[in-house]
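Presented below is the structure to which this report refers.
Numbers here are sequence positions counted from 1. Indexing begins at 1, ligand by ligand and atom by atom, following the structure's order.
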Amino acid sequence: MPVTSADISAAIRDVPDFPKPGILFKDITPVLADPALLAGCMDLLAEGFRPGDIDAVVGIDARGFIFATGVALKLNAGFVPVRKKGKLPYETHAESYDLEYGSSTVELHIDAVKPGDRVLLLDDLLATGGTAAAAVNLLKRIDAKIMGVRFLVELGFLNGREKLACSEVRSVIQY
Ligand code: AMP
């Protein structure tokens with residue numbers, strides 16, 4: 001039987017007050033540790049795309065790397081990292097975005113994809129959407145063609161999707 005989003009949802013562990021009071025952290029490590037669920041995540045995230053449809057799957061630092069790599073292998077595409085500031089060795093574009101307190105910056109190598117390349121952007125979780133919106137802006141700066149933005153988990157009540165209105169957004173599990 002194929003893995004369903006309900007199977008994956010049942011394995012996600014809620015950790016209250018991590019990393020700070022008031023945050024209910026969605027811990028996906030039990031999903032990753034189960035080989036059937038791990039493979040199921042890649043199948044569900046890649047749904048609708050076939051090998052040849054996508055040139056590069058872009059993953060957001062750090063849990064997004066796990067899913068982007070698995071989906072890239074399924075779609076016969078390359079993997080490209082969007083990283084937190086200061087981690088990429090070559091020349092980068094940078095985008096800053098607001099957090100609840102302060103701000104953060106993500107970076108992308110200037111030659112990570114060629115103009116017009118078809119990319120799929122992935123992360124583990126969509127919360128306020130600030131991180132993913134910054135990644136979308138980076139991809140636009142290098143003229144990538146964004147074919148979709150996908151997440152394993154979406155915290156729908158935070159309306160992160162509104163920040164990504166220009167792209168096709170999908171999530172496997174919604175809370
Ligand atoms: P945001 O920019 O608010 O959409 O936050 C998304 C990023 O923060 C993702 O890379 C998630 O890994 C992480 N994140 C935010 N909230 C949570 C949460 N409740 N549980 C797990 N990860 C979270």
Side-chain angles (χ1 to χ4, degrees), residues 3 5-34 37-38 40-42 44-46 56-72 79-88 92-109 112-113 119-141 144 146-175:
V3 166
S5 58
D7 298 327
I8 296 169
S9 176
I12 293 176
R13 174 165 54 196
D14 285 349
V15 182
D17 299 321
F18 182 88
K20 52 186 180 192
I23 307 266
L24 183 65
F25 193 85
K26 297 288 179 186
D27 177 16
I28 59 163
T29 60
V31 176
L32 303 177
D34 181 308
L37 294 180
L38 182 61
C41 287
M42 306 313 169
L44 290 165
L45 284 166
V57 184
V58 179
I60 301 178
D61 204 344
R63 288 179 293 273
F65 294 171
I66 301 162
F67 301 108
T69 305
V71 170
F79 163 74
V80 166
V82 165
R83 295 216 65 181
K84 304 221 170 89
K85 188 179 168 63
K87 299 286 186 187
L88 286 171
T92 61
H93 292 298
E95 276 283 333
S96 296
Y97 58 99
D98 291 331
L99 297 173
E100 201 179 345
Y101 300 102
S103 72
S104 188
T105 302
V106 284
E107 295 184 323
L108 178 68
H109 274 153
V113 302
V119 303
L120 172 62
L121 177 64
L122 292 188
D123 201 2
D124 65 324
L125 186 139
L126 174 63
T128 66
T131 316
V136 163
N137 287 341
L138 286 173
L139 291 168
K140 286 185 174 162
R141 277 163 70 176
I146 302 170
M147 306 298 287
V149 185
R150 294 186 175 187
F151 304 89
L152 189 67
V153 178
E154 174 178 0
L155 305 182
F157 52 90
L158 293 174
N159 300 319
R161 204 174 254 273
E162 285 171 12
K163 289 205 183 82
L164 305 169
C166 51
S167 307
E168 185 238 270
V169 180
R170 263 216 228 180
S171 50
V172 173
I173 298 160
Q174 285 100 15
Y175 293 106

If you measure every N or O of [X] against every N or O of ligand 1, does any of those distances drop under 3.5 Å?
| X | answer |
| --- | --- |
| Leu126 | no |
| Ala127 | yes |
| Thr131 | yes |
| Lys26 | yes |

Heavy-atom closest contact (Ile8 atom, Gly40 atom, distance): CD1-C, 4.3 Å
Flag: protein heavy atom within less than 4.0 Å of atom 8 (O) of ligand 1: no
Check whether any side-chain heavy atom of [X] sits under 4.5 Å from a side-chain heavy atom of [Y], and report yes or no.
| X | Y | result |
| --- | --- | --- |
| Arg83 | Glu107 | no |
| Val80 | Val119 | no |
| Asp124 | Ile66 | no |
| Ile28 | Phe67 | yes |

Whether Gly129 lies under 4.0 Å from ligand 1, heavy atom: yes
Location of contacts on Thr128 toward ligand 1, heavy atoms closer than 4.0 Å: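 For Thr128, the contact with ligand 1 is made by both the backbone and the side chain.
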Side chain, backbone, both or neither: the part of Asp123 lying under 4.0 Å from ligand 1 by heavy atom: side chain
Counting from 1, what ligand 1 atoms have a heavy atom of [X] closer than 4.0 Å?
| X | answer |
| --- | --- |
| Leu155 | 19 (N) |
| Gly130 | 2 (O), 4 (O) |
| Asp124 | 9 (C), 10 (O), 11 (C), 12 (O) |
| Arg63 | 11 (C), 12 (O), 13 (C), 22 (N) |

Backbone N/O of Leu37 and side chain of Asp34: donor-acceptor pair under 3.5 Å: yes
Backbone of Gly22 reached by a side-chain donor or acceptor of Asp17 within 3.5 Å: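 It does hold such a pair.
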OH on Tyr175 to CG on Leu155, rounded to 0.5 Å: 8.5 Å
Atom pair CG (Leu88) and CG (Leu108), whose distance is rounded to the nearest 0.5 Å: 7.5 Å
Closest approach of any protein heavy atom to atom 17 (C) of ligand 1, naming residue and atom: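 Atom 17 (C) of ligand 1 sits closest to the protein heavy atom Leu125 CD2, 3.5 Å.
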Atom 19 (N) of ligand 1: nearest protein contact (heavy atom, Å): Leu24 O, 3.0 Å
